[in-house]
Each structure stands twice: as structure tokens, then as C-alpha cells.
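This is a predicted model, so every value here is computed, not measured.
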Amino acid sequence: QVQLVESGGGLVQAGGSLRLTCAASGRSVTSYVMGWFRQAPGKEREFVAAIGWRGDNTAYADSVKGRFTLSRDNAKMTVWMQMNSLKPEETAAYYCAAANTIAVRSSESWYNYWGQGTQVTVSS
């Protein structure tokens with residue numbers, strides 16, 4: 001089993017930055033793709049970004065390209081998502097997920113393990 005714990009969420013003004021952390025424990029996730037998804041109130045969960053196991057292959061939703069950056073440290077089993085220039089419409093619960101797949105995937109059906117989420121609120 002894999003446990004994922006997100007942290008780093010909070011309240012930030014529009015244009016501000018936050019760095020989310022996803023810490024994994026239990027079974028090793030060093031070979032897993034790690035992804036981030038978000039769900040705003042009344043909306044479906046959507047893909048935000050994902051990073052391959054070596055950290056050199058990433059995918060981002062078009063809406064966050066150029067503003068969000070993923071990184072990972074396999075020795076620490078930790079993934080970070082740096083979010084810059086945040087917008088009020090990005091207020092959501094952000095979830096970390098792990099997929100036992102080689103290719104970076106954006107569909108949540110590929111992801112085997114999920115964290116409980118961390119709330120990000122962007123004020124206007």
C-alpha cells in the first residue's frame with residue numbers, strides 16, 4: 001500500500017505563489033508517475049500536472065503551463081508542485097496521486113493511490 005499526504009495549501013492572493021508537497025510512505029513510489037489533480041466546488045476533478053519517475057518527463061494542463069512546475073526527489077519519496085501567478089478560479093482542493101505506469105498519464109483512471117487533498121484558496 002502507498003500513503004500520500006499533501007501539504008502546503010492555504011490562502012493566497014491572486015498573482016501569488018504556493019508550493020504543494022506530496023509525501024509518500026509505505027510501498028516505494030520511486031518508479032511511479034506522480035500526478036496532481038484539483039477539484040473545485042461543484043466541478044469535476046481535473047488533471048493539473050504529472051511527472052515521470054525519473055523527473056525528466058512532465059505533463060501539464062494547458063491552463064497551468066508556464067506557471068506550475070513539478071519536481072521530485074525519489075530518495076525522499078516526495079513530489080513538489082510550485083504554483084506561480086495563481087488565479088482565483090484555481091481555488092480548489094488539490095490531490096496528489098500515484099500511477100504504476102511508465103508513461104506520464106493525465107487520466108485519473110491510471111492512478112492507483114490518492115491523497116486526501118489540500119485546499120488552495122486564491123482571493124481576488
Side-chain angles (χ1 to χ4, degrees):
Q1 281 287 0
V2 173
Q3 292 79 43
L4 302 174
V5 178
E6 304 95 334
S7 61
L11 174 64
V12 64
Q13 288 189 331
S17 299
L18 283 174
R19 188 173 81 153
L20 302 185
T21 300
C22 174
S25 62
R27 187 175 184 175
S28 174
V29 294
T30 56
S31 64
Y32 281 52
V33 168
M34 301 299 293
W36 286 92
F37 293 77
R38 64 189 179 192
Q39 187 169 22
K43 295 187 177 181
E44 293 193 353
R45 190 157 56 187
E46 64 175 359
F47 171 76
V48 178
I51 185 168
W53 72 275
R54 292 190 302 183
D56 59 352
N57 189 14
T58 54
Y60 296 92
D62 288 344
S63 59
V64 306
K65 281 180 182 176
R67 299 186 298 117
F68 289 16
T69 303
L70 286 182
S71 59
R72 68 187 293 169
D73 183 331
N74 285 336
K76 297 180 179 179
M77 292 214 297
T78 301
V79 177
W80 297 272
M81 182 165 69
Q82 177 67 40
M83 306 187 297
N84 298 329
S85 302
L86 283 161
K87 305 173 183 179
E89 56 265 37
E90 295 181 309
T91 293
Y94 282 71
Y95 298 90
C96 175
N100 189 9
T101 178
I102 295 174
V104 174
R105 304 288 185 181
S106 61
S107 172
E108 61 179 82
S109 63
W110 285 94
Y111 290 81
N112 313 93
Y113 303 100
W114 293 82
Q116 293 298 307
T118 185
Q119 180 66 35
V120 171
T121 302
V122 185
S123 63
S124 56

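Scanning both residues, Ser124 and Pro88, for their nearest heavy atoms gives CB-CG, 3.9 Å. The minimum heavy-atom distance between Arg72 and Ile51, with the atom names listed, is NH1-O, 3.4 Å. For the residue pair Ala92 and Arg38, the shortest heavy atom distance occurs at CB-CB, 3.9 Å.
Under the 30°/60° scheme for interplanar angles, the aromatic rings of Phe68 and Tyr94 are found to be tilted. Using cut-offs of 30° and 60° for the angle between ring planes, the Trp114 and Phe37 rings count as tilted.
Residues Val120 and Leu20 meet the side-chain proximity criterion, which asks for heavy atoms closer than 4.5 Å. Between Thr78 and Thr21 there is a side-chain heavy-atom pair separated by less than 4.5 Å. Contact of the Glu90 side chain with the Val64 side chain is registered, since non-hydrogen atoms from C-beta on lie closer than 4.5 Å. Side-chain contact between Arg27 and Tyr32: present, with at least one pair of heavy atoms (C-beta onward) separated by less than 4.5 Å.
Within 6.0 Å of CD on Gln116 lie no more than 12 heavy atoms contributed by other residues, nucleotides or ligands. Crowding of Trp80 atom CH2: a count of heavy atoms from other residues, nucleotides or ligands under 6.0 Å exceeding 12. Heavy atoms of other residues, nucleotides or ligands lying less than 6.0 angstrom from CG of Leu11 number more than 12.
Criterion: ILVMFWY side-chain heavy atoms under 4.5 Å apart, direct or through other members. Under it, Val2 and Met81 are part of a common hydrophobic cluster. There is no path of hydrophobic side-chain contacts, each under 4.5 Å, that joins Met77 to Tyr111. By the criterion of side-chain heavy atoms lying less than 4.5 angstrom apart, applied directly or through intervening Ile, Leu, Val, Met, Phe, Trp or Tyr residues, Val79 is grouped together with Tyr113 in one hydrophobic cluster. When the side chains of ILVMFWY residues are joined at heavy-atom separations under 4.5 Å, either directly or via intervening members, Val48 and Tyr95 end up in two distinct hydrophobic clusters.
Judged by distance alone, the side chain of Thr101 and the main-chain N or O of Ala99 form no donor-acceptor pair under 3.5 Å. Using a distance-only test at 3.5 Å, with no hydrogens or angles considered, no donor-acceptor pair links the side chain of Glu6 to the main chain of Thr118. Side chain of Arg105 to main chain of Ala50: no donor-acceptor pair is present (N/O by atom type, distance under 3.5 Å, no hydrogens or angles). Looking at Thr91, its side chain does come within 3.5 Å of a backbone N or O of Val122 through a donor-acceptor pair. Looking at Asn57, its side chain never comes within 3.5 Å of a backbone N or O of Gly52 through a donor-acceptor pair.
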Between Met34 and Leu70, does the side-chain contact (heavy atoms from CB on, under 4.5 Å) criterion hold? Intermediate values first, please. CA-CA 9 Å; Met34 301 299 293; Leu70 286 182; over 6 Å; no
So Met83 and Arg67, side-chain contact (heavy atoms from CB on, under 4.5 Å) or not? Walk me through it. CA-CA 6 Å; Met83 306 187 297; Arg67 299 186 298 117; over 6 Å; no
